[in-house]
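Here's the structure we're looking at; comments come further down.
Since the structure is predicted, the reported quantities are computational estimates derived from the model, not experimental observations. For this chain, numbers begin at 1 and follow the sequence in order. Computation of the quantities below employed the complete heavy-atom set of this structure, encompassing side-chain atoms and omitting hydrogens, waters and symmetry-equivalent molecules.
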Amino acid sequence: MLRKILLVWASCLAILAQAAAPSPALSAVQAAPTPFHLTGANLAVVVNDDDPLSVEVAAYYQKARRIPDQNMVHVRLPERPHKLTLAQFKQLQRNIQIQLLPHIEAILLVWSAPYAVECQSITAALSLGFDPNLCKDSCAVSKPSSYYNSNIVRPYAQSKFRPSMLLPTESFAKAKAIIDHGVASGFRLVPASAYYLHTSDSKRNSRTIFFPPPVSVPNKKLTIRRLQADELKGAQDVMLYQLGASHVKHLDTLNFLPGALADHLTSFGGDLLDTTQMSILSWLNSGATASYGTVSEPCNYWQKFPQSTVLLQHYLNGETAIEAYWKSVAWPAQGLFVGEPLAAPYRLAH
C-alpha cells in the first residue's frame, strides 16, 4: 500500500523536480537490490587517537556493533579543529584511505570536530572528494550525487563510493545514548509517526512540496502526519520529524523512538559548534538517532537537503540511516550527516 502511494506521489514530484533542478539528470538507477545488508562487517570506524573521547566512544561502538578489528581506522588530529584546510584534509584523507580494505562499504567518523573542510562538510568531502569550486559561491548549484534515490546496495563495490557519517563525541554519555538508540531500533517494530511541518518560515519551506501525503501504513505500524505549525509539542511516537526553521522549540517534550531521523532546513545546522542557528546536535541530544544539516550557506535549494519522500521510502524499505539519508540528498556537498549509521528500524518488516 505504502509503496503504491509513494510511487504515485514520487511520479508527480518527479515532474516538479525536473522543472526545479537546474542541473543535468542524475545517473540512472542501478540494478535491482540483492539480499545484501550494510552491517558492522562492512563499516569502517575512524578514531582520532589524539582525542580520548573519540577513542572511548569508538571502543564502545565497536563492541555494540561487532565491528571487526580490521575495520578500525586510526588517525591523529591534534587540537580538534572545527574546520580543516584543504591541505589538512588531504593528509587525513590519505591516512584513512590507506587503511580501508576492499570490503568496506561505508565510513563512520567518531568525533565532533573537525566537521568541515573549508566550506564543505567533512562527510561529503570524504565520500565525494573536495570540490574546489564550491567555496567560490556556496549558494550556487553543486554537483549532483549519483547515489541519490538509487537502488545501489553495495556503494563501493558497485560505484567506488563510500557514504560517510559523523558520530559526535561531546560527551561519552550522549554518544552512548545515540549508539544505544541505533542498536535498539533493530529489535522490534513499534507504532510510530512521521511528522512533517509546514511552518510560517516561507524561506525555509522549499521542500514542503515533497512531504508525503498523510496516511496510515499498517504493515509498518507508521502514521504519516502533515501539520501546518511552527513546532511539534508533546508527541511521544516520533520516528521522523522534518520542518523548515532556524530553531526548533519543545524538543524536550518529545519522545524520539529508537532509529528516529530528524532535521530542520536552515543554513547552518551542520556547523555543529559555531552556529548561531540551532545545531543538528540538538536533535541527537534530544533523542534522535541521526540528522543532517549544512555547514555553509546553501541558500534554500531543496536539492541540498533531504527530500522527504525519498528519505521515507528508503528507510521504510529497510535501509540503514546512513543509506536512507545519503540517498535523499541530491546535492550533498555542503551537508553533514550525523548519528548512528546502522540504525534500521524497518528491516524487520521485510
Side-chain angles (χ1 to χ4, degrees), residues 43-62 72-97 99 106-131 134-135 138 162-179 263-264 266-286 288-298 322 325 332-341:
L43 181 72
V45 177
V46 184
V47 53
N48 179 8
D49 289 337
D50 286 332
D51 180 353
L53 270 174
S54 176
V55 174
E56 185 179 14
V57 173
Y60 183 82
Y61 189 75
Q62 181 180 14
M72 302 300 290
V73 174
H74 293 268
V75 299
R76 289 196 173 277
L77 287 165
E79 301 179 3
R80 301 174 67 243
H82 293 183
K83 299 181 180 182
L84 299 178
T85 65
L86 179 55
Q88 290 172 321
F89 170 70
K90 286 183 175 180
Q91 181 61 52
L92 173 65
Q93 185 182 41
R94 283 193 293 268
N95 291 342
I96 292 173
Q97 287 180 341
Q99 298 180 66
I107 301 170
L108 177 65
L109 306 175
V110 184
W111 60 65
S112 291
Y115 52 83
V117 182
E118 298 187 6
C119 68
Q120 191 167 351
S121 79
I122 194 168
T123 52
L126 185 61
S127 296
L128 301 172
F130 183 78
D131 181 357
L134 185 64
C135 295
S138 65
R162 291 182 172 111
S164 58
M165 185 169 271
L166 183 146
L167 176 62
T169 58
E170 288 305 285
S171 78
F172 178 76
K174 290 177 181 179
K176 179 179 180 297
I178 297 167
I179 295 167
D263 60 77
H264 58 307
T266 194
S267 296
F268 299 104
D271 192 357
L272 297 185
L273 305 175
D274 292 331
T275 183
T276 57
Q277 298 179 348
M278 190 182 95
S279 166
I280 53 178
L281 289 179
S282 295
W283 291 113
L284 302 187
N285 293 340
S286 298
T289 304
S291 187
Y292 171 94
T294 50
V295 302
S296 60
E297 177 57 69
I322 189 172
Y325 249 136
Q334 292 161 263
L336 184 70
F337 299 87
V338 299
E340 200 287 290

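Using a 4.5 Å cut-off on side-chain heavy atoms (C-beta onward), Leu167 and Leu109 make no contact. Contact annotation: the side chain of Phe337 never approaches that of Ile122 to less than 4.5 Å [non-hydrogen atoms, C-beta and beyond]. Side-chain contact between Val45 and Tyr61 is present, with heavy atoms from C-beta onward closer than 4.5 Å. Contact annotation: the side chain of Val47 approaches that of Asp49 to within less than 4.5 Å [non-hydrogen atoms, C-beta and beyond]. A heavy-atom distance below 4.5 Å is found between the side chains of Gln277 and Ser267. Counting heavy atoms from C-beta outward, Tyr325 and Asp263 have side chains that approach closer than 4.5 Å. Ile178 has its side chain out of reach of Val338: every pair of non-hydrogen atoms, C-beta onward, lies at least 4.5 Å apart. For the pair Asp51 and Val110, the minimum side-chain heavy-atom distance is 4.5 Å or more.
Side-chain atoms of Glu118 do not come within 3.5 Å of backbone N or O of Cys135 as any donor-acceptor pair. Glu340 places no side-chain N or O within donor-acceptor distance of the main-chain N or O of Ala290, the cut-off being under 3.5 Å. Thr85 places a side-chain N or O within 3.5 Å of a backbone atom of Gln88 that can act as its donor or acceptor partner. With hydrogens and angles ignored, the 3.5 Å screen pairs a side-chain donor or acceptor of Gln334 with a backbone N or O of Glu297. Looking at Gln120, its side chain never comes within 3.5 Å of a backbone N or O of Val117 through a donor-acceptor pair. Using a distance-only test at 3.5 Å, with no hydrogens or angles considered, no donor-acceptor pair links the side chain of Thr275 to the main chain of Asp271. No donor-acceptor distance shorter than 3.5 angstrom exists from the side chain of His74 to the backbone of Gln99, with no hydrogens or angles considered. Listed for the Ser279 side chain is no donor-acceptor partner under 3.5 Å among the backbone atoms of Leu273. With Thr123 contributing its side chain and Met165 its backbone, the two residues share no donor-acceptor pair below 3.5 Å. Looking at Ser54, its side chain never comes within 3.5 Å of a backbone N or O of Trp111 through a donor-acceptor pair.
Pro341 approaches Leu108 most closely through the heavy-atom pair CD-CD1, 3.8 Å. The minimum heavy-atom distance between Gly270 and Leu336, with the atom names listed, is O-CD2, 3.5 Å. Closest approach of Trp283 and Met278 over heavy atoms only: NE1-CE, 3.5 Å. Leu284 and Ser291 make their closest contact through CD2-N, 4.2 Å (heavy atoms, listed as atom of the first residue, atom of the second, distance). Heavy atoms only, all atoms of each residue included: Arg80 and Ser112 are closest at NH2-CB, 3.7 Å. Here the closest heavy-atom approach between residue Leu84 and residue Pro81 is recorded as CD2-CG, 3.7 Å.
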> Between Gln97 and Arg94, does a side chain to side chain donor-acceptor pair (under 3.5 Å) hold up when you go through it step by step?
Replying inline: CA-CA 5 Å; Gln97 287 180 341; Arg94 283 193 293 268; over 6 Å; no
>> Applying side-chain contact (heavy atoms from CB on, under 4.5 Å) to Lys90 and Phe130, what does each step give before you reach the verdict?
In response: CA-CA 9 Å; Lys90 286 183 175 180; Phe130 183 78; over 6 Å; no
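Distance check: Ile280 CD1 to His264 NE2 gives 8.0 Å after rounding to the nearest 0.5 Å.
Using cut-offs of 30° and 60° for the angle between ring planes, the Tyr60 and Phe172 rings count as perpendicular.
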